[in-house]
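The chains referred to below are lettered A, B, ... by the order of the sequence lines, with proteins before strands, and numbering in each begins at 1. These numbers were taken from a predicted model, which means no experiment stands behind them.
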Amino acid sequence: MGVNVNAASVLNRLLHNNTPKPSKTLLPTNAKSLTNSIVADLNSGHLRKAVSVLFNSPIPFPFSLYARLFQLCSSKHAIVEARKVESHLVSFSPTPPIFLLNRAIETYGKCGCLEDARELFDEMPQRDGGSWNAIITAYAQGGCAEKALCLFLCMNRLGVSGNEITFASALGSCGAVLALVLSRQIHGLIVKCGLSGNVILESSLVDVYGKCRVMSDARRMFYEIQKPNAVSWNVIVRRYLDMGQEREAVFMFFEMVRVNVKPLCFTVSNSLVACSRISAVKEGIQIHGLIIKTNIEEYEVVLSSLMDMYVKCRDLENARRIFDMPRSKNLINWTAMVSGYAIDGRTREARELFNEMPERNVISWNAMLVGYIRFFQWEEALDFVFLMRKQSKDIDYVTLGLILNVCTGLWDVELGKQVHGFSYRHGFYSNLFVGNALLDMYGKCGNLISARVWFYQMSHWRDRVSWNALLTSHARHGLSEEAMTIFWEMQGETTPSKYTFGTLLAACANIFALEPGRQIHGFMMRNGYEIDVVIRGALVDMYSKCRCLEYAIKVFKEATSRDLILWNSMVLGCCHNKRGEDVLELFGLMEKEGVKPDHITLQGILLACICEGRVELGRQYFNSMSTKFCIIPRLEHYECMIELFGRYGFMDELEDFVKTMPFEPTVQMLTKVFDACREHRHLKLGEWAANRLNEI
DNA sequence: CTAGGGTTAG
């Protein structure tokens, strides 16, 4: 084993006049001083020196010393030293105790050397339960869940019974590979072994059920825990968050606080993430208060999540206040702040902050780019992409998807094709995010052939989003029949979403296709899809455009809640069917329900006045727009007034109106005025309009 | 002695 008898030990032996043969007789004096020296090294943290002394002494040492050496090797991840300690142990102790070999396995595991751990485990002449625990835990923590579970099953087959340690490790591995059936079996074993009250095992069960997406069981398990500790609460909050049940996650967090369990930093940060996902700013502020009260502000992660909560809830002032605090200007917070301004449309401020960043990564670049795209600033977006390519080597799938969005916005299929090629060459070929953006680009730019070809090439990894993109691109280009065909085809591969239905109904409305529209409505009813306010608006729109106003009204009346957009769909639907009186009646109901009208509603009102010939009423509404409804009249409102006065021969009012408008009349307006003058024989205004038209 | 949860930005 390469252990030399060194000079010091020889001298020692001579001085004490011992016979140099059996090392056992040497032990008391010689070993004692060596042990002391090793212990001294260990106490001062000199692991290498301690091991080297041990390695150079060809004598056995007390087992407790080996145990301590393994312990230190574990915490320092010192694999070389661990191997030396083990080889020394097996060389000089003819039958090393099992527990020490178990320690060795654990140490190898902690050092990440699973091969060493397994080799030792296989070579052990005898094993106990601890040996199994050691190797299973080593695999579980080393990311080899399958191997851990394999050994766990093997152990059970051999009749070795597990304890709480075994089950905890096995459950951890079950969670990693989503082994639900095995988890339930282990649950049974835990009950059988009388370990039901063990809070660690119970929390692990909550965790594993949640990871396998069986929240009902996770929840039941959680409520079975007599005294859930901070980890148990953390698990249940995290599982709800991962399941997209943010309300439940936040609720559990406050429950935890209510029963006086001090939340961990992770739990606080997870709860804040839950708040930001559902824009629960009120709850977020409460958590903020709690953070201050419990003094966990100095934790970087807590503060970052808090800041992001404010960003996501669009409370940029509070986010900025945290960002401006002394120690909080790190890369993550900086990016979050840039993103906050960017998604709020304040792209100039976002860019200023971005330019000041001392360091950036791909996420920072993407955050800024998202802002330009969200607010249709395509030229700025494109310049920014070029700058990014010049200044940074970073590019990932999000960047590529965003660049494709820019191509879509600029209608630049050539650039899009270049991105396609780039993705192919750089291993993003089968990335779904990129793939769907590519599909969207081809489709929205009207290149339906390429869209279909790419869609076909994606057939092994496409998802529902891909189907929706293909469908939308056909619907948007007036190919409603094809869109319907795609809709029926997609059933064989995936299920439609509300986006699917929204697109399809809009497609039907655009070409006044009643029959397919009714089919979709029927499909949704038969299959129990929720008719939310958006879909309801699309249905109202479709039915009214297809001249089935009674159906539209029926759908409208069935709504449990109505937002402004739904009201507007109904108002415009009535306009479209020349039912001016109904519009005016609807407007009354709308005011009664306390829904504030917007510029579209008022356009509907004016259109209704036009078709009913209510000139005076129309004028009243127009005049009260900015004073009563706080809506600045737009071009289309002025057009309505010109139509209203012109059609019913109110020529003096018309003259007064066009000449006092705060902007120059458009060609369309002048033409309308001219036509009205001709019909109602109003020479003076007619000449004026003709002259203005000639000047343009 | 060995076991559970797990971190913020696009």
Undergrad: Looking across every strand, which nucleic acid part, if any, lies under 4.0 Å from A:Asn333 by heavy atom: base, sugar-phosphate, or nothing?
TA: nothing

Undergrad: Would you verify whether the NZ or CZ of A:Arg127 falls within 45 degrees of the ring axis of A:Phe121 while also being under 6.0 Å from that six-membered ring's centre?
TA: yes

Undergrad: Under 4.0 Å between a side-chain N/O of A:Lys312 and OP1 or OP2 of B:dT8, yes or no?
TA: no

Undergrad: Going through the checks in order, is the side chain to side chain contact (heavy atoms under 4.5 Å, CB included) test met by A:Arg184 and A:Tyr209?
TA: CA-CA 9 Å; A:Arg184 292 196 196 284; A:Tyr209 286 139; 3.7 Å; yes

Undergrad: Is there a side-chain contact between A:Gln141 and the phosphate of B:dT2, meaning an N or O under 4.0 Å from OP1 or OP2?
TA: no

Undergrad: Closest approach of A:Leu151 and A:Trp132, non-hydrogen atoms and distance?
TA: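 So the two residues come closest at O-CZ3, 3.5 Å.
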
Undergrad: Is the shortest side-chain N/O distance from A:Ser269 to OP1 or OP2 of B:dT8 below 4.0 Å?
TA: no

Undergrad: Contacts to DNA chain B from residues 159-167 of chain A, heavy-atom cutoff under 4.0 Å, which residues?
TA: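 Close to the strand are A:Glu164, A:Ile165.
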
Undergrad: Per the atom types in the model, does the base of B:dG4 pair as donor or acceptor with the side chain of A:Asn229 at under 3.5 Å?
TA: yes

Undergrad: Check A:Asp242 with A:Lys211, please: is the shortest side-chain N to carboxylate O separation under 4.0 Å?
TA: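 Salt bridge absent between A:Lys211 and A:Asp242.
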
Undergrad: Ignoring hydrogens and angles, does a donor from either the side chain of A:Asn133 or the base of B:dA3 sit under 3.5 Å from an acceptor on the other?
TA: no

Undergrad: Could you tell me whether the phosphate oxygens of B:dG6, OP1 or OP2, come under 4.0 Å of any side-chain nitrogen or oxygen in A:Arg239?
TA: yes

Undergrad: Within 45 degrees of the axis of the six-membered ring of A:Phe266 and under 6.0 Å from its centre: does A:Arg238 put its NZ or CZ there?
TA: no

Undergrad: Once you round it to whole Å, what is the distance between C1' of B:dA9 and CG of A:Leu331?
TA: 8 Å

Undergrad: Residues of residues 314-329 of chain A with any non-hydrogen atom less than 4.0 angstrom from an atom of DNA chain B: list those, numerically ordered, please.
TA: none

Undergrad: What are the residues of residues 354-365 of chain A, sorted by number, that bring a heavy atom to within less than 4.0 Å of DNA chain B?
TA: A:Asn361, A:Ile363

Undergrad: Among B:dA9, B:dA3, B:dT7, which nucleotide sits nearest the side chain of A:Asn270?
TA: B:dT7

